[in-house]
Every structure is written in C-alpha cells, then in structure tokens.
Amino acid sequence: MSFAPTAWFGLVFTPVLIATGQILFKMTSARAAGFSARELMSLFSSPTLLSALMLYGLGTIIWIFTLKSVPLTLAYSFMALTFCLVPLFAAFFLGETVTARYAIGAALIIGGMIVINS
C-alpha cells in the first residue's frame, strides 16, 4: 500500500479520535441521571459530552478527506482499530481490565487488517 502521509494520518488518527470520543461518552454516562428535561439539558451542556461530539465531528471531517485518496474498501478496515484502542484507553483512563482474550482478539483484528490491506 502506497498512500500519501496525510492519508496514513487520516487512516490512523480517525480511529484514535473515535476511540477517545467513546471514553468521553463513557465518562458522560456516569453523570447521566435520567430523562427529565432538566437532566437532559444538564447532559447536553456537559463539557465531556460536547468534547466527545467535537472529536467525532473532527474525526468525520478528517475521514472525508482521507477517503478522497484511499478506496473505501481498504480504508474502512482501519476503523477496526477502534475495537483495539477503546479497551486500551478504557484501561488507561477508566481503570477497566484488559484480558488475555482481548489481546488475542486485538491481534486477530490487526491480522485481518494486514490481510485486507496487503
């Protein structure tokens, strides 16, 4: 695979942004109280939720420009990196446990990406 450095940036950085957004969504969920109008307004004004949405938006914009130079059939496999990154970020930022089963699964995902993109 021969892509421009900016394409590689988009292929790798977009899943990082999405995974980071997932961590922020999880952090937001800890503060979500209920479905009353007041609670929803509090949730919608949460800096954590707003940050997650901004990261998702930025990731989407970067992804759109990445897709200008990379076929979707190849590029989309890189989104599988989110399945590898989210548990790692959850362990680091939220103290969640990463198991050997996760490591095996992540290795299989990366192996699949290599097969798809070679």
Inter-residue atom distance I109.CD1 - L85.CG, 0.5 Å rounding: 10.0 Å
Flag side-chain contact, heavy atom, 4.5 Å: L88 against Y102: yes
Check whether any side-chain heavy atom of L81 lies under 4.5 Å from a side-chain heavy atom of M113, and answer yes or no. yes
Can you find a pair of side-chain heavy atoms, one from W63 and one from M79, that are under 4.5 Å apart? yes
State, to 0.1 Å, how close A90 and I23 come at their nearest heavy-atom pair, and which atoms those are. N-CD1, 3.5 Å
Can you name the closest pair of heavy atoms from F25 and L49 and give their distance? CE2-CD1, 3.7 Å
Hey, quick one: are I64 and L67 part of the same hydrophobic cluster, counting side-chain heavy atoms closer than 4.5 Å, chains of contacts allowed? no
Roughly how far apart are L53 CG and L58 CG, rounded to 0.5 Å? 12.5 Å
Is it the case that more than 12 heavy atoms not belonging to Y56 sit under 6.0 Å from its OH atom? yes
Does a side-chain heavy-atom distance below 4.5 Å link F93 with T20? no
Atom OG1 in T66, atom NZ in K68: separation rounded to 0.5 Å? 11.0 Å
Heavy-atom closest contact (F3 atom, A7 atom, distance): CB-CB, 3.8 Å
Between L43 and M54, is there a shared hydrophobic cluster once you connect ILVMFWY residues whose side-chain heavy atoms come closer than 4.5 Å? no
List the atom of I110, the atom of C84, and the distance in Å for their closest heavy-atom pair. CG1-SG, 4.1 Å
Do L72 and W8 belong to the same hydrophobic cluster, where Ile, Leu, Val, Met, Phe, Trp and Tyr are linked whenever their side-chain heavy atoms lie under 4.5 Å apart, directly or via other members? yes
I'd like to know if F83 and V12 are part of one continuous hydrophobic network [Ile/Leu/Val/Met/Phe/Trp/Tyr, side-chain heavy atoms within less than 4.5 Å]. no
Does any part of the side chain of F13, heavy atoms only, come nearer than 4.5 Å to the side chain of F78, both counted from C-beta? no
Hey, what do you get for CD1 (I61) to CG (L17), rounding to the nearest 0.5 Å? 11.5 Å
How far does OG1 of T14 sit from CZ of F65, to the nearest 0.5 angstrom? 12.0 Å
How far apart are the closest heavy atoms of S45 and L50, and which atoms are they? O-CD1, 4.1 Å
From L11 atom CG to S69 atom OG, the distance as rounded to the nearest 0.5 Å: 7.5 Å
When every non-hydrogen atom of V98 is compared with those of A91, the smallest separation belongs to CG2-CB, 3.3 Å
Between R31 and T48, does any side-chain donor sit less than 3.5 Å from a side-chain acceptor? yes
